[in-house]
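The model shown is predicted, which means the values in this text are computed figures rather than measured ones. What's counted below: heavy atoms across the whole structure, side chains too, no hydrogens, waters or symmetry copies.
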Amino acid sequence: MKTIVQNNTIIILLILIVTNALQAQQRVEIPLNTDWEFMYGYEKRKANARPVTVPHTWNTGDADSGKKDYYRGDGSYVKKLFVAKEYQNKRLFLQFEGVATTAWVFINGNYVGEHVGGYSKFNFEITSFVSYGKENTILVKVSNAYRIDALPLGGDFMKYGGIYRPVSLLVTDKVCITPLDYASQGVYITQKKVSAKKANIHVETKISNKRKSKANLKIRAQIIDSEGKSLVNNEVSKGIPSAETTTVLQELEIENPRLWNGKKDPYLYSVEVTLEENGKPIDKIIQPLGLRFFNIDPDQGFFLNGEYVDLRGVNRHQDRAGKGSALSLEDHMRDMDLIMEMGSNMLRLSHYQQAEPIFDYADKKGLVLWAEIPLVGLGGFLKKGYYNNEALHANGRQQLKELIRQNYNHPSVFFWGLFNELKDEDANPLPYIKELQALAKKEDPTRLTVAASNIDISELNTVTDVIAWNKYYGWYGKEPSQMGVWADEMHQKFPNRSLGISEYGAGASIYHQQEQLEAPEPGGKWHPEQWQTYFHEENWRALSQRPFIWGKMIWNMFDFASSMRNEGDHRGMNDKGLVTFDRQTNKDAFYFYKANWNPEPMLYLAEKRFKERKASKIHIKAYTNLNAVELFVNDVSMGIKKPEMGICLWNDIELKKGNNDIKVSSITTKKVEKLTDQTIFTYFTL
């Protein structure tokens, strides 16, 4: 079918693959990301309309400017959509991967539906709203205004507005695997029992029939290996009543399975569920399957497939300079590549459900994920993150169901997070947290629930399966060495409770460098990079010696926008990231962790940004995972050092006046290629 163009707008592209899929009676997904018009405000006003491409947020400039009071209000998006006559016997769904925070959808002026919650996918069926063989108008009214009945209420991060993730049109047969079960895939794969000898798999498929008569189907579920070979299948014949959604259950079994073993071997099978009618396929869903079993021991930590794994990683927020939250697929992949480069094996998706490609990436690379709902304390109206409000409760339940059902099949997900930094006095959230715990276990009894607390002793800490704490020793008071003291005390007090660290971190500006190691004021304007590296060196020293801490997660992988902050070198920025907001610079602490977590040979000369020196004698530091490193100052050897915890340190190195050539070099072996890193330090006196 030819492309229809009107007013320089591509109404719809139906390329050959789409036509073929329609003829084969299978589902088709068509991107709808181009040729939108955006207007500020709730009412459509053509005068202020401008063309945009989705993903889009109206807060891009706010994120970079550091505005304290950024725009939290209404916006409207309009798109023209030509719907072909060939679709008349199909079902049509609009799919939104993320709209913040509230969306109202209209087709040709008719109200279709509302979705409250800015971080999860949602779908609306528009079959009965569109005109076939004609151009249709999609109107999406969006608001990121604060509301008392929707999560999040608080949180130290920006609540961006807009259609900031992709949009698509899904076309299916009248009988299909439903996309309307909280916008999930409609197929749920449960690992009933997994060992190195056998894996029992339970497949639940929800099938919707919008025909006027019963549909007699054959439902085939099969497990396929990574090379495309079908290993086992189960076929069921089932009559699907008209105007109903029917659940079909199937059991599959694999002998001697290859296990999904984290980064060591993230092997993926796939589960393919096909609906057949009269010998022809009418719908198909393919989902990942990573077979694994795990447990956490209060004394020994996390075990995957019976082997101890030291879970260590980072937290991630989804925004970046110049784009706010409207990230492209390439942006997401760049973030994940950096997380992997540093050597992380775990990622906490703070403090909300993040984009689907993040989960796909973690499945394929072997990252362990903690995914959570945005029940976040601090920073909200009256500094509260929770109110005893039934409408708020309902929204939290909705977002938890969306999180679990949409990501149920991802083997990388091990933890469902229920809250972050709630207080006992916040309208007594305990009964509600217990309700969420019961809901999470009902939705998914195979994974663990978790929460991130900033209170040492609280009944809130006893509800979830495991608990973790946000601790900032060495930043918000005390010394970094206190981390180990605190951990030992908590382990002694709660010997049967599995304890983790969900956040630890310190701010740093790459433009702030200093000679003497002194603790800065956390909320002050001076955030020297040297203190951040010292903070992480000492905190990791304590954490790495304590395997009973089941997970250790840095706050944060990337600097992120926060309108409530006015500190460091930039207003509106939380600078605790190991990488800058624009992703252009890895801070020194990034390389400290890379030396400790990533076995790939590396050598990095620290403090290279501190080029102008006022002291004649300085220390010089390098991060490495090599056996030994030699320092040269002006081509003269200052000696060979063996790293301790990834650190090589040379003290009392004397500089000459003017420029000094500084170079660190590996001691070459047959197995490792020679590595060097160098810079110039300029010593001058007033």
Problem set entry | CG on Leu304 to CG on Leu259, rounded to 0.5 Å | 8.0 Å

Problem set entry | Of Leu153, Asn420, Leu400, Leu151, the residue whose pairing with Leu375 passes side-chain contact (heavy atoms from CB on, under 4.5 Å) | Leu151

For this session: May I have all residue pairs that pass ring pair (Phe, Tyr, Trp, His ring centres under 6.0 Å) and include part of residues 421-440, sequence neighbours excluded?
Result: Tyr386-Tyr432, His393-Tyr432

Checking the side chain of [X] only, and the main-chain atoms of [Y] only, is there a donor and an acceptor separated by less than 3.5 Å?
| X | Y | answer |
| --- | --- | --- |
| Lys264 | Trp260 | no |
| Tyr267 | Ser226 | yes |
| Gln354 | Ser350 | yes |

Within a reach of under 6.0 Å around [atom1] of [X], are more than 12 heavy atoms found that belong to other residues, nucleotides or ligands?
| X | atom1 | value |
| --- | --- | --- |
| Lys441 | NZ | yes |
| Glu114 | CD | yes |
| Glu255 | CD | yes |
| Lys365 | NZ | no |

Please tell me whether [X] and [Y] have a donor and an acceptor in their side chains that are separated by less than 3.5 angstrom.
| X | Y | value |
| --- | --- | --- |
| His332 | Glu356 | no |
| Gln353 | Gln406 | yes |
| Asn454 | Trp469 | no |

Exercise. Does the ring of Phe414 carry Arg292 above it, NZ/CZ under 6.0 angstrom from centre and within 45° of its axis?
Worked result: yes

Seminar exercise, completed: Closest non-hydrogen contact found for Ser325 with Asp319 is N-CB, 4.1 Å

Problem set entry | Shortest non-hydrogen separation from Ala452 to Asn470 and the atoms involved | CB-OD1, 3.7 Å

Can you classify the ring geometry of [X] versus [Y] as parallel (below 30°), tilted (30 to 60°) or perpendicular (above 60°)?
| X | Y | result |
| --- | --- | --- |
| Tyr473 | Trp486 | tilted |
| His317 | Tyr352 | tilted |
| His491 | Phe548 | parallel |
| Trp597 | Tyr593 | tilted |

Seminar exercise, completed: salt bridge (charged side-chain N to carboxylate O under 4.0 Å, His left out) filter on Glu443, not counting sequence neighbours, yields Arg405

Problem set entry | Tyr182 side chain reached by Lys121 side chain, heavy atoms, under 4.5 Å | no

Problem set entry | Residues which pass ring pair (Phe, Tyr, Trp, His ring centres under 6.0 Å) with His202, listed by chain and number, not counting sequence neighbours | none

For this session: Carefully, step by step, assess Phe122 and Phe124 under the rule ring pair (Phe, Tyr, Trp, His ring centres under 6.0 Å).
Result: CA-CA 7 Å; Phe122 62 95; Phe124 290 127; 5.6 Å; yes

Problem set entry | Validation row, ring centre Phe560 to ring centre Trp555 under 6.0 Å | yes

Problem set entry | Note: Lys193-Glu253 ion pair, threshold 4.0 Å (strictly below) | no

